[in-house]
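Worth saying up front: this structure is predicted, and the values here are computed from it rather than measured. Residue numbers start from 1 in every chain, and the chains themselves are labelled A, B, ... in the order their sequence lines are given, proteins ahead of strands. The analysis underlying the following values was restricted to heavy atoms, covering all of them including side chains, and did not include hydrogens, waters or symmetry mates.
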Amino acid sequence: MERIKPRTLSGFMELLPEKQAQMERIMETLRSTYSLYGFAPLDTPIIEASEVLLAKGGGETEKQIYRFEKGDSDLSLRFDLTVPLAKYVAINCGQLSFPFRRYQLGKVFRGERAQRGRFREFYQADIDIIGDGELDVMNEAEIPAIIYRTFTTLGLTKFKIRVNNRKVLNGFFEILELSDRAADIMHTIDKLDKIGTEKCRALLIEGGVSENAADEIMSFIAINGTSAEKLKALEKYRNKNTTYSKIFDVGLKELGDVVRHLPEFGVPESHFEIDLTIARGLDYYTGTVYETTLTEHPEIGSVCSGGRYDNLAEYYTDKKLPGVGISIGLTRLFFVLEEQGMLSNEIITSPADVLIIPMTENKAKAIETATLFRENGIRTMLYSEQKKFKSKMNFADKIGVPFVVFIGDDEIADNFVTVKNMKNGHQFKKSEKMAMSYIKGVVTLRNNSDLILNFVKEK
RNA sequence: GUGGGUAUAGCUCAGUUGGUUAGAGCAUCGGAUUGUGGUUCCGAGGGUCGAGGGUUCGAAUCCCUUUACCCACCCCA
């Protein structure tokens, strides 16, 4: 028989059981943290009608989307969780209570070329708050608090949430009479970090911006200092918008409000900053935008970003649904943590808390003990294979199970079980029930004290 | 989509100017050792050298084509 060489597609992450256990633990942490802020869980299909996903049309999305036909149906794999949310809210808005807060962990797909830290299938962990017609700016200040708590709960300390406001940028461009080029300019300054000021200025001029305007832009985004100092420096652009909307002034007030409330929400000054170069590629953002990077690993890019949008579902409904949300690139985050050796090896990755090894043909007591353990919440594996003793112990070692229970003829005759602590090798005889409560106690203690990550290598 | 690199055992890789039967470490399996593991020792299995073509007496090695993967750009989480 000709065998086919098994392979996993490039850009698709597949983990061994131990790593998967760590991944699942991180996902649990995200879910519980999101829940703390009153977000409800949501799940939507991975496949949608292409016309729904591509309602906005054009651009990178169309190039990168996985699209196929099944019968007469034109179908696509979702490339983010925001568009499916828009669809969901448009369909169900009559039955939802607004502001609607939902979180969603799910796989998304992008048919771009894979590279370091960039995947074609990856998890996003999104939260969004959707308002009915209106949504207070306070929600925009709450979002970074959730990012902060999520990351610190995971055990991360070295990250920075960078905040900006699109209205500030758009208002500024309006002052320079460059509104028609706003998207291009934002795109260019967004790359400042990567390409440097010289090249950034050159690109602006190349894009048709006058030298004077380019210098204005460069000095605008070069504003530095603390958040308070930046806000103060921005005051000099106030009242310069000629149009009725006064968009810069509105944006500046929003940015000030957000920044002022962040410490009240529990985000320390050290972990956020105003960064006037943050623009975000997606053009539906209209207000506050966020980007979070690991300060020790800037090369990997943003691991969490998002922002405020005014009209989530405009392609599906007349209803005006403003919102704010962020997305954590979970697969990328996990990839960095794994690569940097930051994933704790203290975490329990064993699929079981105890392995019961029958030492005799008479398996009844072993099975009964397994049943008793399971009824009491102990993750129990029963080793049924007819292998040599050494093989059985090797198996116990490999899965990293903390306890082994032997049940042989002696145990059956005198009605006890032999419990062995695999960490220190200690071994003792106990009644089934005593063994059960002993193991349960130790396991519970370990679970609660477990850290997900260790940062020994964080300098 | 654009540019560069790599491809030899399950994994990480050696393999000389082209020359006998292509090697190592790790992993796997068996034995030393049938109620006490991680160590050690001994042994075994495992390869159409990515695929196709060419040059040559002879190709893992040189040439061409192709595919896959990796890195970077674009873009993004």
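- In this structure, A72(B) forms a base pair with U2(B), meeting either the Watson-Crick or the G-U wobble geometry with both donor-acceptor distances under 3.5 Å.
- Atom P of nucleotide G37(B) and atom CZ of F406(A) are separated by 9 Å, given to the nearest angstrom.
- When the P atom is used for both U66(B) and G3(B), the distance is 13 Å, rounded to whole Å.
- Distance from the side chain of Q124(A) is smallest to A77(B) among C71(B), C75(B), A77(B).
- F406(A) has its ring centre less than 6.0 Å from the ring centre of F389(A).
- Using a 4.0 Å heavy-atom distance criterion, K107(A) is classed as making no nucleic acid contact.
- Within the nucleic acid shown, F119(A) comes within 4.0 Å of at least one base atom, counting heavy atoms only.
- Atom CD of Q386(A) and atom P of G35(B) are 14 Å apart (whole Å).
- Nucleotides C42(B) and G52(B) have their P atoms positioned 39 Å apart, rounded to a whole Å.
- Contact of R116(A) with A72(B) (side chain to base): no donor-acceptor pair of N or O atoms is detected under 3.5 Å.
- Summarising the geometry, the separation between CD on E112(A) and P on C71(B) is reported as 13 Å, rounded to the nearest angstrom.
- Among the atoms of the strands shown, base atoms are found under 4.0 Å from some heavy atom of R332(A).
- Looking at R118(A), its side chain comes within 3.5 Å of the base of C75(B) through a donor and an acceptor atom.
- Nucleic acid contact for G301(A): none, since no nucleic acid atom lies under 4.0 Å from a heavy atom of the residue.
- Taking every side-chain heavy atom of K194(A) into account, C75(B) is the closest of C75(B), U36(B), G3(B).
- When each of R308(A), K167(A), R166(A) is checked for a salt bridge (Lys or Arg N to Asp or Glu O under 4.0 Å) with E254(A), only K167(A) meets the rule.
- By the 30° and 60° cut-offs, the orientation of the rings of F119(A) relative to F335(A) is perpendicular.
- One finds a salt bridge joining R162(A) and E291(A) here, because a Lys/Arg side-chain nitrogen approaches an Asp/Glu carboxylate oxygen to under 4.0 Å.
- Nucleic acid contact for K388(A): sugar-phosphate only, since backbone atoms but no base atoms lie under 4.0 Å from a heavy atom of the residue.
- Distance K63(A) NZ to C73(B) P: 16 Å, rounded to the nearest Å.
- Side-chain atoms of K420(A) lie closest to G37(B) of the nucleotides G35(B), G37(B), A77(B).
- Between the CD1 atom of I65(A) and the P atom of C76(B) there is a distance of 15 Å, given to the nearest Å.
- Using a 30° and 60° split on the angle between ring planes, Y438(A) and F428(A) fall in the perpendicular class, above 60°.
- Base pairing of C26(B) is made with G10(B), judged by Watson-Crick or G-U wobble geometry with both donor-acceptor distances under 3.5 Å.
- Put simply, H187(A) has a side-chain N or O that comes within less than 4.0 Å of OP1 or OP2 on C75(B).
- N394(A) places its CG atom 7 Å from the P atom of G38(B), with the value rounded to the nearest Å.
- Here C57(B) sits opposite G19(B) as a Watson-Crick or G-U wobble pair (both hydrogen-bonding atom distances under 3.5 Å).
- Note: Y148(A) and F159(A) have tilted aromatic rings, judged against thresholds of 30 and 60 degrees for the angle between ring planes.
- Toward the 5′ end of RNA chain B lies the nearest nucleotide of S391(A), the other residue of the pair D409(A) and S391(A) mapping further downstream.
- Proximity of K392(A) to the phosphate of G35(B): no side-chain N or O atom is located under 4.0 Å from OP1 or OP2.
- As rounded to the nearest Å, U12(B) and U8(B) have C1' atoms that lie 12 Å from one another.
- Between R113(A) atom CZ and G5(B) atom P there is a gap of 15 Å when expressed in whole angstrom units.
- Between K398(A) and U28(B) there is a side-chain polar atom (N or O) within less than 4.0 angstrom of OP1 or OP2.
- At U36(B), none of the side-chain N or O atoms of Q427(A) fall inside 4.0 Å of OP1 or OP2 (strictly under the cut-off).
- Within the 4.0 Å cut-off from OP1 or OP2 of U36(B), not a single side-chain nitrogen or oxygen of T418(A) is found.
- Separating the C1' atom of A22(B) from that of C49(B) is a span of 8 Å, rounded to the nearest Å.
- Around atom NZ of K387(A), no more than 12 heavy atoms belonging to other residues, nucleotides or ligands sit under 6.0 Å away.
- Taking the six-membered ring where the residue is Trp, F109(A) and Y66(A) present perpendicular rings, their angle passing 60° and hence far from 30°.
- Remark: K191(A) is in phosphate contact with C75(B), judged by side-chain N or O atoms under 4.0 Å from OP1 or OP2.
- In this structure, G46(B) forms no base pair with any nucleotide, since neither Watson-Crick nor G-U wobble geometry is met with both distances under 3.5 Å.
- Across all strands shown, G38(B) remains unpaired; no Watson-Crick or G-U wobble contact has both distances below 3.5 Å.
- Residues L9(A) and F122(A) each lie close to RNA chain B; by heavy-atom proximity, the contact nearer the 5' end of the strand is made by L9(A).
- As rounded to whole Å, 14 Å separates atom P of C69(B) from atom CD of Q115(A).
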